[in-house]
Amino acid sequence: MQVLTPEMMKKCDQATIKAAYPEILLMESAALATAKMAEEIIEKEISFEYKSELKLSFLIGQGNNGGDGLAAARILKNWGYQPQIVLTCSPSELSGVNALNFKLAVLNKIEIYQFEQLKTKEFISLIKQSDLIVDALLGTGIKGQIRGSVKSIITLINQQLVKKPLTLAVDIPSGIIAANGNLAGDALKADYTVTMAAYKRGLLLYPGKDYAGKIKVVEIGIQSETIQENSDQLKVFNQQEAKKSLPVRKNNSHKGSFGKLALLAGSPGMTGAPILTAKAALKGGLGLVYLLTAAEIAEMTAAQLPELVSVALPSQAGLIKETAAAKILKFTEKVDLIAAGPGLGQDKGVKTLIENILKESSLDLILDADALNVISDLELLKNYKGKLTLTPHPGEMAALTGLSIKEINNNRIDIARKFAQKYQLNLVLKGAATITAAPDGRAYINLSGSNGLATAGSGDVLTGLIAALMAQESDNFRAAALAVYIHGRAGEFAAQANSDYAMIASDIIANLKKVYQELQ
Ligand SMILES: NC(=O)C1=CN([C@@H]2O[C@H](COP(=O)(O)OP(=O)(O)OC[C@H]3O[C@@H](n4cnc5c(N)ncnc54)[C@H](OP(=O)(O)O)[C@@H]3O)[C@@H](O)[C@H]2O)[C@@H](O)CC1
Ligand SMILES: Nc1ncnc2c1ncn2[C@@H]1O[C@H](COP(=O)(O)OP(=O)(O)O)[C@@H](O)[C@H]1O
Ligand SMILES: [K+]
């Protein structure tokens, strides 16, 4: 499912209206979807005897987001509810379809207040008594910081109410910038968001994602072709996408059919990382893992995982010698893909090894952690002869690009995509709302996972999973996006069993089976 910017959404609206779909009809569809969602929430969350005893408060802005709200209030009134409306402007300031929907609200005898005419106490009391607030103050048309009555309403609710009533946001929580998920000063937190036609970026990026609650995308008459034509290949990776992408395992197969991985990882003091990666790769469905690591720790690591084949590299005091490059390249002739980085360390030998692999190999190559940190010449990435995948967290991405972590996180989608296209590689930009970007411009925002994944070794697990899925699926970009989804979903299961606080990276691996069972 597509993810849009406000400009793209506007183009979709305009194209639909131009193709003979009257604007009022589009708004009525949005309103009907909002009313249905409000009713679903009421039935699920509130115990009541009569619809008419419920207090439904609609906060109405001056633009089309407010128009959606006005029409939804009227529909719910016709269904037997008693909605009330708080208007942020005077009725004479409404125009077009919004003025018409206001007239219809009056005609349907809905109780209407103007915020400016209410005393603060009266407004607070009205909100406090509400069973459900429908937030139709601001949608995709937000410009600049929140101001005027809209700002007063958001500030009053956020500052004066200890417990906020149940809230449904129309299209996007008011105050969240639809283009990037940032706050326009402040925003109204929702328990649910009903969003029109497609996801908006701001609903999936932080802090916006924290304000949106449960999101439902509703169809309002905009054709999927129109959305396709006016969007930019950015999609969400959800369960539906994962089910579609899960590689089919042939029965007539052997361990070679599911890939042989050369894993270049580990160093003295960092012997756990390669085990997490190798175990995740094997539990992810990969056929065989060779761990290439410093001679001093090769035996010790092999002892931790009986399924592992350990290969000792020439080293001194645990540091891999620069001369190991030839041995590694020779060895990788018998494997299908290489993953390098977890716990590898960053000394000179490691840098030489990674540079040599980038210059000489043409296998599918995944670089993570220390293998990313030692790269100083980005041209090596561009010139790599095989298919390359990088998995930086924002800190590693900052080092690769010269940008700050804040800049990266403020513009995750575009930065990841530009880098992937410029250097012709798959990029997994990790962190809350992981972005997977392809060299050809495709990109996914991942929807699974939680803060429990922010635990030592979690990234090592992801690298193993990416290798496993890449070995089983020919489209490396899709494989990486699927691995990110599965990692996140396994993390959700791990959090259910242990809590976000108490889960560790091994719990993610232990729960992979549940994800595969769910997706099969
Ligand atoms: N187009 C369609 O056919 C369809 C559109 N749909 C719906 O329309 C929504 C988009 O509507 P929109 O474009 O009218 O913008 P919207 O979000 O209501 O905001 C504009 C209003 O807010 C005001 N305002 C702006 N910034 C502000 C701030 N910082 N602080 C305070 N006020 C601020 C701005 O004031 P002005 O700048 O004009 O003074 C203006 O009055 C979309 O999210 C969806 O819900 C659906 O019904 C499907 C069909
Ligand atoms: N708050 C969060 N929500 C969802 N996923 C997260 C969050 N924080 C981290 N993650 C995920 O956890 C993993 C952490 O990887 P990384 O930073 O490399 O950790 P480590 O180096 O400890 O293994 C990544 O897949 C990342 O996307
Ligand atoms: K809204």
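Remember, it's 1-based here, ligands and their atoms both numbered in the order they're listed.
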Quiz item: Would you say ligand 2 has an N or O under 3.5 Å from any N or O of Gly449?
Solution: no
Quiz item: Based purely on interatomic distance, does Ala432 place a nitrogen or oxygen under 3.5 Å from a nitrogen or oxygen of ligand 2?
Solution: no
Exercise. Report yes if some heavy atom in the side chain of Asn101 is under 4.5 Å from a heavy atom in the side chain of Ile24; otherwise report no.
Key: yes
Nearest non-hydrogen contact with [atom] belongs to which option: [options]?
atom                    : options                        : answer
atom 10 (N) of ligand 2 : Leu453, Ile508, Thr391, Asp370 : Leu453
atom 29 (N) of ligand 1 : Lys200, Lys151, Met27, Lys143  : Lys143
atom 8 (O) of ligand 1  : Asn64, Ile60, Leu26, Leu94     : Asn64
atom 33 (C) of ligand 1 : Leu138, Val170, Ile146         : Leu138

Practice problem: Take Phe477 and Tyr444 through the ring-ring contact (aromatic ring centres under 6.0 Å, His included) test and state the conclusion after the steps. | Solution: CA-CA 10 Å; Phe477 162 68; Tyr444 282 113; 5.3 Å; yes
Quiz item: Do any N/O atoms on Leu137 end up under 3.5 angstrom from N/O atoms on ligand 1?
Solution: no
Quiz item: Considering distance alone, does some N or O of Ala30 sit under 3.5 Å from an N or O of ligand 1?
Solution: no
Quiz prompt | Angle, O of Leu138 through the K ion (ligand 3) to OG of Ser174 - 10° precision | solution = 70°
Exercise. If you have a sec, read the angle at the K ion (ligand 3) from Asp135 atom O over to Ile172 atom O, to 10 degrees.
Key: 120°
Quiz prompt | Separation of Met196 CE from Ile222 CD1 (nearest 0.5 Å) | solution = 10.0 Å
Quiz item: Does Gly431 come within less than 4.0 Å of ligand 2, judged by its heavy atoms?
Solution: yes
Quiz item: Among the heavy atoms of Val484, does any lie under 4.0 Å from an atom of ligand 2?
Solution: no
Practice problem: Could you tell me whether Glu492 and Arg489 have a side-chain N and a carboxylate O separated by less than 4.0 Å? | Solution: yes
Atoms of ligand 1, numbered as shown, that sit under 4.0 Å from any heavy atom of [X]:
X      : result
Ile17  : 3 (O)
Gln62  : 41 (O)
Gln145 : 28 (C), 29 (N), 30 (N)

Practice problem: Can you establish whether the number of heavy atoms outside Lys418 located under 6.0 Å from its atom NZ is more than 12? | Solution: no
Self-check item: Over 12 non-hydrogen atoms of neighbours within 6.0 angstrom of NZ in Lys430
Solution: yes
Minimum-distance protein heavy atom relative to [atom]:
atom                    : answer
atom 17 (O) of ligand 2 : His393 CD2, 3.3 Å
atom 17 (O) of ligand 1 : Gly139 N, 2.5 Å
atom 24 (C) of ligand 2 : Lys430 CD, 3.6 Å
atom 1 (N) of ligand 2  : Asn451 CA, 3.6 Å
atom 4 (C) of ligand 1  : Asp13 OD2, 3.5 Å
atom 19 (O) of ligand 2 : Gly459 N, 3.6 Å
atom 13 (O) of ligand 1 : Gly141 CA, 4.0 Å
atom 25 (O) of ligand 2 : His487 CE1, 3.3 Å
atom 30 (N) of ligand 1 : Arg147 N, 3.2 Å
atom 4 (C) of ligand 2  : Ser450 O, 3.3 Å
atom 13 (C) of ligand 2 : Ser458 OG, 3.1 Å

Contact atoms of ligand 2, heavy-atom distance to [X] under 4.0 Å:
X      : result
Leu462 : 25 (O)
Gly457 : 20 (P), 22 (O), 23 (O)
Ala456 : 22 (O)
Thr455 : 22 (O)
Ala454 : 8 (N), 9 (C)

Practice problem: Assess Gly148 for proximity to ligand 1: is some non-hydrogen atom of it under 4.0 Å away? | Solution: no
Self-check item: Asn98: which of Asn65, Asn64, Asp68 passes side-chain hydrogen bond (donor to acceptor under 3.5 Å, both in side chains)
Solution: Asn64
Quiz item: Run the side-chain hydrogen bond (donor to acceptor under 3.5 Å, both in side chains) check on Lys10 and Thr140 step by step: do they pass?
Solution: CA-CA 9 Å; Lys10 200 168 179 184; Thr140 52; over 6 Å; no
Quiz item: Is any heavy atom of the protein nearer than 4.0 Å to atom 41 (O) of ligand 1?
Solution: yes
Quiz item: What part of Asn65 sits under 4.0 Å from ligand 1 if we count only heavy atoms: the side chain, the backbone, both or neither?
Solution: both
